[in-house]
Amino acid sequence: MLFLLLACNLFAEEKKDSPEPIIITSQSLINDNRAKTATFEGNVVAKRGDATLLANKMIVYYEDEQKGGNIKLIEAIGNIKLIRGDRTITSHKATYYPEPEERVVFTGEPRATDGKNLVTGEKITYFMKDDRSLVEKSRVYLKERKTGK
(Lines give C-alpha, C1' and ligand atoms only; values in the text may rest on other atoms or scores of the structure.)
Protein backbone atom coordinates (compact mmCIF):
# COMPACT_ATOMS: atom_id res chain seq x y z
CA MET A 1 0.00 0.00 0.00
CA LEU A 2 2.77 2.45 0.94
CA PHE A 3 4.64 1.56 -2.26
CA LEU A 4 1.53 2.33 -4.35
CA LEU A 5 1.10 5.64 -2.58
CA LEU A 6 4.74 6.57 -3.23
CA ALA A 7 4.47 5.51 -6.87
CA CYS A 8 1.33 7.60 -7.37
CA ASN A 9 3.08 10.62 -5.90
CA LEU A 10 5.62 10.37 -8.73
CA PHE A 11 2.80 11.13 -11.11
CA ALA A 12 1.69 14.35 -9.47
CA GLU A 13 2.88 16.90 -11.97
CA GLU A 14 4.15 20.12 -10.41
CA LYS A 15 2.84 22.58 -12.99
CA LYS A 16 1.42 25.93 -12.05
CA ASP A 17 -1.42 25.68 -14.57
CA SER A 18 -2.54 22.14 -13.61
CA PRO A 19 -1.67 21.38 -9.99
CA GLU A 20 -3.99 18.37 -9.66
CA PRO A 21 -2.21 15.01 -9.45
CA ILE A 22 -3.12 11.98 -11.53
CA ILE A 23 -4.39 9.32 -9.14
CA ILE A 24 -4.12 5.76 -10.50
CA THR A 25 -5.63 2.66 -8.94
CA SER A 26 -5.38 -0.94 -10.16
CA GLN A 27 -5.27 -4.57 -9.04
CA SER A 28 -1.49 -4.71 -9.50
CA LEU A 29 1.48 -2.43 -10.05
CA ILE A 30 4.94 -3.30 -11.31
CA ASN A 31 7.46 -0.46 -11.00
CA ASP A 32 10.73 -0.67 -12.97
CA ASN A 33 13.12 2.06 -11.80
CA ARG A 34 15.72 1.20 -14.45
CA ALA A 35 13.27 1.47 -17.34
CA LYS A 36 11.46 4.37 -15.61
CA THR A 37 8.07 2.69 -16.05
CA ALA A 38 5.16 1.77 -13.84
CA THR A 39 2.78 -0.86 -15.23
CA PHE A 40 -0.72 -0.93 -13.77
CA GLU A 41 -2.93 -3.94 -14.58
CA GLY A 42 -6.48 -5.02 -13.81
CA ASN A 43 -9.37 -2.55 -13.57
CA VAL A 44 -7.08 0.45 -13.98
CA VAL A 45 -8.62 3.83 -13.18
CA ALA A 46 -6.70 7.09 -13.64
CA LYS A 47 -8.34 10.28 -12.37
CA ARG A 48 -7.33 13.89 -12.73
CA GLY A 49 -9.81 16.60 -11.91
CA ASP A 50 -13.09 15.91 -13.70
CA ALA A 51 -11.59 13.37 -16.13
CA THR A 52 -11.47 9.60 -15.57
CA LEU A 53 -9.59 7.17 -17.81
CA LEU A 54 -10.29 3.43 -17.48
CA ALA A 55 -8.31 0.58 -19.09
CA ASN A 56 -7.22 -3.03 -18.66
CA LYS A 57 -3.57 -1.94 -18.51
CA MET A 58 -1.61 1.33 -18.30
CA ILE A 59 2.11 1.84 -18.68
CA VAL A 60 3.40 5.12 -17.26
CA TYR A 61 6.76 6.36 -18.56
CA TYR A 62 8.41 8.90 -16.27
CA GLU A 63 11.60 10.98 -16.05
CA ASP A 64 14.48 10.50 -13.63
CA GLU A 65 13.90 11.94 -10.19
CA GLN A 66 16.74 14.42 -10.83
CA LYS A 67 14.67 15.78 -13.75
CA GLY A 68 11.55 16.02 -11.59
CA GLY A 69 10.05 12.55 -12.03
CA ASN A 70 7.32 13.96 -14.28
CA ILE A 71 5.27 11.79 -16.60
CA LYS A 72 6.55 11.56 -20.19
CA LEU A 73 3.53 9.63 -21.45
CA ILE A 74 0.96 7.01 -20.51
CA GLU A 75 -0.04 4.12 -22.76
CA ALA A 76 -3.46 2.62 -22.01
CA ILE A 77 -4.39 -0.73 -23.54
CA GLY A 78 -7.69 -2.61 -23.68
CA ASN A 79 -11.26 -1.44 -23.06
CA ILE A 80 -10.33 2.24 -22.95
CA LYS A 81 -12.93 4.68 -21.70
CA LEU A 82 -12.37 8.39 -21.01
CA ILE A 83 -15.25 10.01 -19.14
CA ARG A 84 -15.51 13.76 -18.74
CA GLY A 85 -18.87 15.18 -17.80
CA ASP A 86 -21.55 13.63 -20.01
CA ARG A 87 -19.04 12.87 -22.78
CA THR A 88 -17.27 9.56 -23.28
CA ILE A 89 -14.54 8.37 -25.65
CA THR A 90 -13.87 4.65 -26.06
CA SER A 91 -11.19 2.74 -28.00
CA HIS A 92 -8.81 -0.22 -27.85
CA LYS A 93 -5.69 1.91 -27.22
CA ALA A 94 -4.95 5.42 -25.98
CA THR A 95 -1.78 7.41 -25.39
CA TYR A 96 -1.68 10.39 -23.01
CA TYR A 97 0.88 13.13 -23.70
CA PRO A 98 1.21 15.78 -20.96
CA GLU A 99 3.50 18.05 -23.04
CA PRO A 100 3.49 20.35 -24.95
CA GLU A 101 -0.34 20.23 -25.01
CA GLU A 102 -2.12 17.93 -22.63
CA ARG A 103 -3.76 15.48 -25.07
CA VAL A 104 -4.95 11.89 -25.43
CA VAL A 105 -4.72 10.05 -28.77
CA PHE A 106 -7.28 7.24 -29.19
CA THR A 107 -6.80 4.48 -31.79
CA GLY A 108 -8.42 1.12 -32.43
CA GLU A 109 -12.05 1.89 -33.34
CA PRO A 110 -12.37 5.10 -31.33
CA ARG A 111 -15.90 6.36 -30.62
CA ALA A 112 -16.95 9.58 -28.91
CA THR A 113 -20.43 10.09 -27.49
CA ASP A 114 -22.12 13.21 -26.17
CA GLY A 115 -25.64 12.32 -25.11
CA LYS A 116 -27.14 10.42 -28.06
CA ASN A 117 -24.68 11.92 -30.57
CA LEU A 118 -21.83 9.73 -31.83
CA VAL A 119 -18.56 10.44 -33.64
CA THR A 120 -16.32 7.68 -34.97
CA GLY A 121 -13.06 7.83 -36.86
CA GLU A 122 -9.71 6.25 -37.48
CA LYS A 123 -8.03 8.35 -34.77
CA ILE A 124 -9.40 10.80 -32.21
CA THR A 125 -7.08 13.32 -30.54
CA TYR A 126 -8.62 14.96 -27.48
CA PHE A 127 -6.99 18.17 -26.19
CA MET A 128 -7.75 18.16 -22.47
CA LYS A 129 -7.08 21.80 -21.57
CA ASP A 130 -8.96 23.20 -24.57
CA ASP A 131 -11.78 20.61 -24.37
CA ARG A 132 -11.62 20.06 -28.14
CA SER A 133 -11.13 17.08 -30.43
CA LEU A 134 -9.56 16.32 -33.79
CA VAL A 135 -11.08 13.31 -35.56
CA GLU A 136 -9.40 11.74 -38.59
CA LYS A 137 -11.67 10.07 -41.19
CA SER A 138 -14.73 11.03 -39.16
CA ARG A 139 -18.31 9.88 -39.34
CA VAL A 140 -20.84 11.82 -37.27
CA TYR A 141 -24.30 10.64 -36.16
CA LEU A 142 -26.40 13.49 -34.75
CA LYS A 143 -29.51 12.27 -32.95
CA GLU A 144 -29.94 14.98 -30.35
CA ARG A 145 -29.72 18.74 -30.63
CA LYS A 146 -28.20 20.54 -27.65
CA THR A 147 -29.99 23.68 -26.51
CA GLY A 148 -28.81 26.31 -24.05
CA LYS A 149 -30.71 26.46 -20.76
Note to self: Between Arg84 (side chain only) and Met128 (backbone N and O only), is there a donor and an acceptor less than 3.5 Å apart?
What the structure shows: yes

Note to self: Quick test of your reading: applying salt bridge (charged side-chain N to carboxylate O under 4.0 Å, His left out), list the pairs with at least one residue in residues 32-42, sequence neighbours left out, ordered by first then second residue.
What the structure shows: Lys36-Asp64

Check: Mind checking whether Thr95 and Thr107 have side chains closer than 4.5 Å, heavy atoms only?
Finding: no

Checklist line | Distance-minimising heavy-atom pair for Ala112 and Ile89 | finding: CB-CG1, 3.9 Å

Check: Is Val60 linked to Val105 within one hydrophobic cluster, defined over Ile, Leu, Val, Met, Phe, Trp and Tyr using a side-chain heavy-atom separation of less than 4.5 Å?
Finding: no

Note to self: Rounded to the nearest 0.5 Å, what separates atom CZ in Phe40 from atom CD1 in Ile30?
What the structure shows: 11.0 Å

Check: How many angstroms lie between atom OG of Ser133 and atom CZ of Arg87, to the nearest 0.5 angstrom?
Finding: 8.0 Å

Notebook entry, point to check: If you look at every heavy atom in Leu29 and Ala38, which pair is closest and at what distance?
Noted result: CD1-CB, 3.8 Å

Next item on the list: Would you kindly confirm whether Leu82 and Ile59 end up in one hydrophobic cluster when ILVMFWY residues are joined by side chain heavy atoms under 4.5 Å apart?
Entry: no

Margin query: Could you report the tightest heavy-atom contact between Arg132 and Tyr126, atom names first, then the distance?
Written below: O-CD1, 3.4 Å

Next item on the list: Would you please test Ile24 and Val44 for side chain to side chain contact (heavy atoms under 4.5 Å, CB included) and show each step?
Entry: CA-CA 7 Å; Ile24 303 173; Val44 184; 3.9 Å; yes

Check: Counting only heavy atoms not in Glu109, do more than 12 sit closer than 6.0 Å to its CD atom?
Finding: no

Check: Out of curiosity, Phe106 CZ to Lys81 NZ, how far, rounded to the nearest 0.5 Å?
Finding: 12.0 Å

Note to self: With clusters defined by side-chain heavy atoms of hydrophobic residues (ILVMFWY) lying less than 4.5 Å apart, directly or transitively, does Leu73 cluster with Val104?
What the structure shows: no

Next item on the list: Kindly work out whether a path of hydrophobic side-chain contacts (I/L/V/M/F/W/Y, heavy atoms less than 4.5 Å apart) joins Ile77 to Ile74.
Entry: no

Note to self: I need the minimum non-hydrogen distance between Lys143 and Asn117, along with the two atoms involved.
What the structure shows: N-OD1, 2.8 Å

Margin query: Regarding Arg48 and Glu102, does a basic nitrogen lie under 4.0 Å from an acidic carboxylate oxygen?
Written below: yes

Check: Do Thr88 and Asp114 pass the side chain to side chain contact (heavy atoms under 4.5 Å, CB included) test, and can you show the C-alpha distance, the side-chain angles, and the key distance before you say yes or no?
Finding: CA-CA 7 Å; Thr88 302; Asp114 186 356; over 6 Å; no

Check: Taking all non-hydrogen atoms of both residues, which atom of Ile124 and which atom of Val119 are closest, and how far apart?
Finding: CD1-O, 4.3 Å

Item checked: Least distance between heavy atoms, Leu53 atom then Ala76 atom -> CD2-CB, 4.4 Å

Notebook entry, point to check: Is a side-chain donor or acceptor of Thr113 paired with a backbone partner of Gly115 at a separation under 3.5 angstrom?
Noted result: no

